[in-house]
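Only one structure is covered here, and it is reproduced in the block below.
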Protein chains: 2
Amino acid sequence: MRSQGTDGGLAQAVIRRFNVLRPLSESAVAALEQAVLEGLFRAGPGEDLVAEGDQIESVRIVLSGWLFRHKTLEDGRRQIVNFILPGETCDAHAYLLPSIDHSITTATPVAYAEIKRVRFEKLMASERTLAEAFMCETLLNNAIQREWAINLGRRVALEKVAHLFCEIYERLRPVGLVEGNSCSFPVTQMDLADATGLSVVHLNRTIQELRATGLITLRDRTLTISDLDALKSAALFSPTYLQLYRRA
Amino acid sequence: MRSQGTDGGLAQAVIRRFNVLRPLSESAVAALEQAVLEGLFRAGPGEDLVAEGDQIESVRIVLSGWLFRHKTLEDGRRQIVNFILPGETCDAHAYLLPSIDHSITTATPVAYAEIKRVRFEKLMASERTLAEAFMCETLLNNAIQREWAINLGRRVALEKVAHLFCEIYERLRPVGLVEGNSCSFPVTQMDLADATGLSVVHLNRTIQELRATGLITLRDRTLTISDLDALKSAALFSPTYLQLYRRA
DNA sequence: TCCACCCATTAACCTATTGAAATGCTGGAA
DNA sequence: TTCCAGCATTTCAATAGGTTAATGGGTGGA
């Protein structure tokens, strides 16, 4: 494992995440850093990186910025099914499938690394810990998606929104993007509504309510959680599904 | 690839599924059949195969019967996040994570094969096509989970239920469990309610409505879809996420 | 044969959330 | 400096879906 305190370069976020999820060997870290350096890209906000139906031939790792996965019904109803945050992976292994079932769109300017399929497969074959880390990434994604199912299906509006805030906050923390009790939160209320399955109007009311009870501040694209424990309990939030802590 | 017409033995369902998802080599089929034979188990209805928080050390493949994945909130609200049908896998690769985030419970009597972690890893290492098939299984699971998110978040009651019926029907078809326009549907309305995020009462109302419009019959644990196209369009169902057809 | 128990169904009432539409705010382009 | 576009906010009427509770049917066990 590698010193990650100050820098670690561009790949810092990924490496931090992986080391929490599934520790990397020294050579894996080096190989990953190398691969990231070789395929750097940037995208502006509102760009589609992947569209439903695409066939993909590479894996992308987000270095900075937010994206979201979403699906849209014929009549325009949209559901954001997950956010993709710095250090997270877009589509590990997804080149195995003939087509992608959802779209990925940037919410902010984004920097990402792209690793071509062949390169990626070689990397997986030669670096066992890295292969396991990417595998865990996919499993974790699955777990998050399940938690979203219960969020959408069984929580009431206030709980849904509170839960989303808790989750994002806890996902940003290990990559060092939480400062004090605040983090960046660069999405519109429309996006938030589509992520929680609410109407914009009701989402707005719900946020007012969270503000009124003093649980959060959301202003200038910044989320501040005044009382994290209170918010968690309002959300019935239990972080185990995020696999943030390694077993002993 | 192997003759799978009449029998194929116990592993028939899995092999059929995999061959649609990601074709297996002849040796992979043999190795899989072998592994399945070595670890056969049965469970009665209502048994927990996996409970939230467990750490698992094997992979299970369902040979017959239904199970479901579910999560429960502190106050008892429950969400079924997915069903597991014959030929599907419980937890490929999940031994990599320190703990499982959800529970798996049988809905009916179930026969399944259990492959221990070490055995499974060896199998993956020696049979490339099998490793890819299991990987696809995990990816597909992910895709289904996303579709459930939009089902729970953005469809109205009638659409939700209709969509669930369409999905299950299409998932049972490739393993040969659809006969004519009917399939077994061995779950209670309470389970159905928890799968669609509705109350039992409203779920019942919704089913009445589907019956009244002549779209389905649901009786004696059997679902009959009189007009599949009509049901699909009522559900805004688009099957691409199920990856049922191989690319050319 | 009767009793429990589980599941499906129905009814009546209630409320969380939606939808439409108007108002205001803010920052960037011209 | 003005104007426009994209967001946030508010109001109000409408409704999908929830809650509670009662009823009925079927089935397996004593």
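First the proteins, then the strands, lettered A, B, ... as listed; each starts at 1.
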Which part of the nucleic acid, if any, lies within reach of [X] when heavy atoms closer than 4.0 Å are counted: base, sugar-phosphate only, or nothing?
X      : answer
A:G197 : sugar-phosphate
A:R155 : nothing
B:T188 : sugar-phosphate

Between [N] ([atom2]) and [X] ([atom1]): distance, integer Å:
X      : N      : atom1 : atom2 : value
B:F185 : C:dA8  : CZ    : P     : 12 Å
A:D194 : C:dT18 : CG    : P     : 11 Å
B:M190 : C:dT9  : CE    : P     : 15 Å
B:E209 : C:dT9  : CD    : P     : 14 Å

Are [X] and [Y] close enough for a salt bridge, meaning some N to O gap below 4.0 Å?
X      : Y      : result
B:E147 : B:R155 : yes
B:E209 : B:R205 : no
A:K232 : A:E170 : yes
A:R154 : B:D194 : yes
B:R69  : B:D91  : yes

Residue pairs, two or more places apart or on separate chains, that pass salt bridge (Lys or Arg N to Asp or Glu O under 4.0 Å) and touch residues 36-55 of chain A: A:E38-A:R119
Any B:R221 side-chain nitrogen or oxygen under 4.0 Å from OP1 or OP2 of C:dA8: yes
Under 4.0 angstrom between B:R211 side-chain N/O and C:dT9 OP1 or OP2: yes
A:V156 side chain, from C-beta outward: closest of C:dT17, C:dT10, C:dT9: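 Nearest nucleotide to the side chain: C:dT17.
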Outermost nucleotides of DNA chain D that come under 4.0 Å of a non-hydrogen atom of chain A: D:dC7 to D:dC12
